[in-house]
Amino acid sequence: MANNIALFKKYIALLDEVYKKESLTADLDGDPALVQAGANANEIVIPKIEMQGLGEYSRNEGYPKGDVTLNYETVKFNYDRGRSFNVDNMDNVETAGIAFGKLASEFIRTKTAAELDAFRFATYAAVSGIGNVEASIEDGAALVSALRAATNAMDEAEVPDSDRYLFITPTLHGLIEDMDTTKSKAVMERFFKIIKVPQTRFYTSIDLMSGKDDETAGGYKKTDVTGADINFMVIHKSAVLQYPKHTVNKIISPEENQEMDAWKFFFRAYGLADAYENKAKGIYLHHKTAG
């Protein structure tokens, strides 16, 4: 049985590749080398540095003394979701393994990646101190003006020019493409990368379904009343804390399965989506009116 379990586990390494391909926010994932594992499995430790500014130099006393403080902040993962699913037992275990690989990949592509993107956008939209504009965009000229306002706000806040990601709905992106003008091209060149996000995963607030009782379908939805459609978001990569985890933490063979003659796999996705307090200006949100 151990050999069979090992056979299925070889497909698990492919799950992260599927995530990278299908998740629209994967470019914002942080470098794992910059964080440390916390005391508990559901937390990480983030380094934070503070220092003082320049002071008056004295010819008699020399340099004013300053301090540099390096602290480590413990941050808990705020996203923890899961689902179990079955693959019917087959005579050829290799065939069952392929079925598992395809099922898991499709599950991540159609369910996990979309929900994780939606959760991240909603989380960043709720961060205090970010650029936040509520307005409708009727045409390409209005969009160019709104994007210019976003880049101006970041420039004034001294957000670095590099690594600014523009997330925008395909509909609005099309307005820019239809313009094909010097102004529209100039404003789009201000972004390191432009990523089109379907409106179905682009909201200021979402509710995560429990997957139980009357919410058996699971997934997520835009929050009633308070949730709003996002037009676009500009995110500087250094502003966010984003670390994903994907695991299949349990595999039950048909012989051990008490419910049916099938392989049972338990999939769990958890991670962190947050923002640095002193880098809130690295996030700019433009959204419609809620409701």
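Nothing here was measured: the structure is a model prediction, and the numbers come from that model. All values below were derived from every heavy atom in this structure, side-chain atoms included, with hydrogens, water molecules and symmetry-related copies excluded.
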Inset, instruction - Kindly give the heavy-atom pair with the smallest separation between Ala262 and Asn257, and that separation in Å. - result: O-ND2, 3.0 Å

Expected list for residues 141-152: side-chain donor-acceptor pairs under 3.5 angstrom, two or more places apart:
residue : atom : partner : partner atom : Å
Thr151  : OG1  : Leu147  : O            : 3.4
Thr151  : OG1  : Arg148  : O            : 2.9
Asn152  : ND2  : Arg148  : O            : 3.3

Inset, instruction - Using the test side-chain hydrogen bond (donor to acceptor under 3.5 Å, both in side chains), find all partners of Arg109 that sit at least two apart in sequence or belong to another chain. - result: Glu106

Inset, instruction - Search all heavy atoms of Ala228 against all heavy atoms of Ala290 and return the closest pair with its distance. - result: CB-CA, 3.6 Å

Inset, instruction - Please name all residues satisfying salt bridge (charged side-chain N to carboxylate O under 4.0 Å, His left out) with Lys193, sequence neighbours left out, ordered by chain then number. - result: Asp27

Inset, instruction - Indicate yes or no for a side-chain donor-acceptor contact from Thr169 to the backbone of Leu172 under 3.5 Å, with no hydrogens or angles considered. - result: yes

Inset, instruction - Examine Tyr124 and Ile206 and state if one hydrophobic cluster contains both, with Ile, Leu, Val, Met, Phe, Trp and Tyr joined whenever side-chain heavy atoms are less than 4.5 Å apart. - result: no

Legend entry - Separation of Tyr220 OH from Tyr203 OH (nearest 0.5 Å): 6.5 Å

Legend entry - Qualifying residues under side chain to side chain contact (heavy atoms under 4.5 Å, CB included), relative to Ala135, sequence neighbours excluded: Val133, His286

Inset, instruction - Could you state whether Leu28 and Leu285 fall into the same hydrophobic cluster, counting links through intermediate Ile, Leu, Val, Met, Phe, Trp or Tyr residues with side-chain heavy atoms under 4.5 angstrom apart? - result: yes

Legend entry - Salt bridge Lys237-Asp29, side-chain N to carboxylate O under 4.0 Å: no

Legend entry - Pairwise side-chain contact, Pro64 with Glu56, heavy-atom cut-off 4.5 Å (strictly under): no

Legend entry - For Phe202, all residues meeting ring pair (Phe, Tyr, Trp, His ring centres under 6.0 Å), sequence neighbours excluded: Phe121

Legend entry - Lys/Arg N to Asp/Glu carboxylate O, Glu156 vs Lys281, below 4.0 Å: no

Legend entry - Transitive ILVMFWY side-chain link Ile235 to Phe191, under 4.5 Å: no

Inset, instruction - Evaluate the side-chain proximity of Thr112 to Ser23: yes if any heavy-atom separation is below 4.5 Å, no if none is. - result: no

Legend entry - Close side-chain approach of Tyr276 to Leu241, heavy-atom, < 4.5 Å: yes

Legend entry - Sequence neighbours excluded, every pair satisfying salt bridge (charged side-chain N to carboxylate O under 4.0 Å, His left out) that has a member inside residues 195-210: Asp117-Arg201

Inset, instruction - Any chance you could measure Lys222, atom NZ, to Ser205, atom OG, to the nearest 0.5 Å? - result: 10.0 Å

Legend entry - salt bridge (charged side-chain N to carboxylate O under 4.0 Å, His left out) against Asp224, all qualifying residues, sequence neighbours excluded: Lys221

Inset, instruction - Would you check if the side chain of Gln242 reaches a backbone N or O of Thr25 as a donor-acceptor pair within less than 3.5 Å? - result: yes

Inset, instruction - Could you list the residues that satisfy ring pair (Phe, Tyr, Trp, His ring centres under 6.0 Å) with Phe119, not counting sequence neighbours? - result: Tyr79

Inset, instruction - Evaluate whether atom CD of Glu277 has more than 12 neighbouring non-hydrogen atoms of other residues, nucleotides or ligands under 6.0 angstrom away. - result: no

Inset, instruction - Using only heavy-atom distances, determine whether the side chains of Glu215 and Ser210 contain a donor-acceptor pair under 3.5 Å. - result: yes

Inset, instruction - Starting at CZ of Phe232, measure out to OH of Tyr284 and round the result to the nearest 0.5 Å. - result: 5.5 Å

Inset, instruction - Answer whether the closest heavy-atom distance between the side chains of His287 and Met233 falls below 4.5 Å. - result: no

Legend entry - Sequence-distant partners of Asp155, salt bridge (charged side-chain N to carboxylate O under 4.0 Å, His left out), two or more places apart: Arg164, Arg190

Inset, instruction - Answer whether the closest heavy-atom distance between the side chains of Asp161 and Phe192 falls below 4.5 Å. - result: no

Inset, instruction - State, yes or no, whether a side-chain contact exists between His236 and Lys279 at a heavy-atom distance under 4.5 Å. - result: no

Inset, instruction - Following the transitive rule for hydrophobic clusters with a side-chain heavy-atom cut-off under 4.5 Å over Ile, Leu, Val, Met, Phe, Trp and Tyr, establish whether Phe267 and Leu116 coincide in one cluster. - result: yes

Inset, instruction - May I ask whether Val127 and Val159 are part of the same hydrophobic cluster, defined by side-chain heavy atoms of I, L, V, M, F, W, Y residues being less than 4.5 angstrom apart, directly or through others? - result: no

Inset, instruction - Begin from the C-alpha positions of Met209 and Glu115 and carry the test side chain to side chain contact (heavy atoms under 4.5 Å, CB included) through to its verdict. - result: CA-CA 10 Å; Met209 304 294 100; Glu115 180 180 296; over 6 Å; no

Inset, instruction - Return the set of residues passing side chain to side chain contact (heavy atoms under 4.5 Å, CB included) with Ser58 (not counting sequence neighbours), or none when no residue passes. - result: Asn60, Glu61

Inset, instruction - Taking the side chain as every heavy atom from C-beta outward, state whether Ile137 and Lys288 have any pair of such atoms under 4.5 Å apart. - result: no

Legend entry - Qualifying residue for side chain to side chain donor-acceptor pair (under 3.5 Å) with Glu134, from Thr204, Asn231, Thr289: Thr289

Legend entry - Asp80: partners by salt bridge (charged side-chain N to carboxylate O under 4.0 Å, His left out), with sequence neighbours left out: Arg268

Inset, instruction - Could you tell me whether the side chain of Asn78 and the main chain of Ala273 form a donor-acceptor pair under 3.5 Å? - result: yes

Inset, instruction - Enter the distance from Glu22:CD to Ile108:CD1 here, rounded to the nearest 0.5 Å. - result: 10.0 Å

Legend entry - Student check: side-chain heavy atoms of Val234 and Ile283 closer than 4.5 Å: no

Anything under 3.5 Å between a donor and an acceptor, one on a side chain of residues 174-183, the other on a protein residue two or more places apart or in another chain? List them.
residue : atom : partner : partner atom : Å
Asp180  : OD1  : Lys185  : NZ           : 3.3
Thr181  : OG1  : Ser184  : N            : 3.2
Thr181  : OG1  : Ser184  : OG           : 3.1

Inset, instruction - Measure from NZ or CZ of Lys111 to the centre of the six-membered ring of Phe107, then state whether that distance is under 6.0 Å and the direction lies within 45° of the axis. - result: no

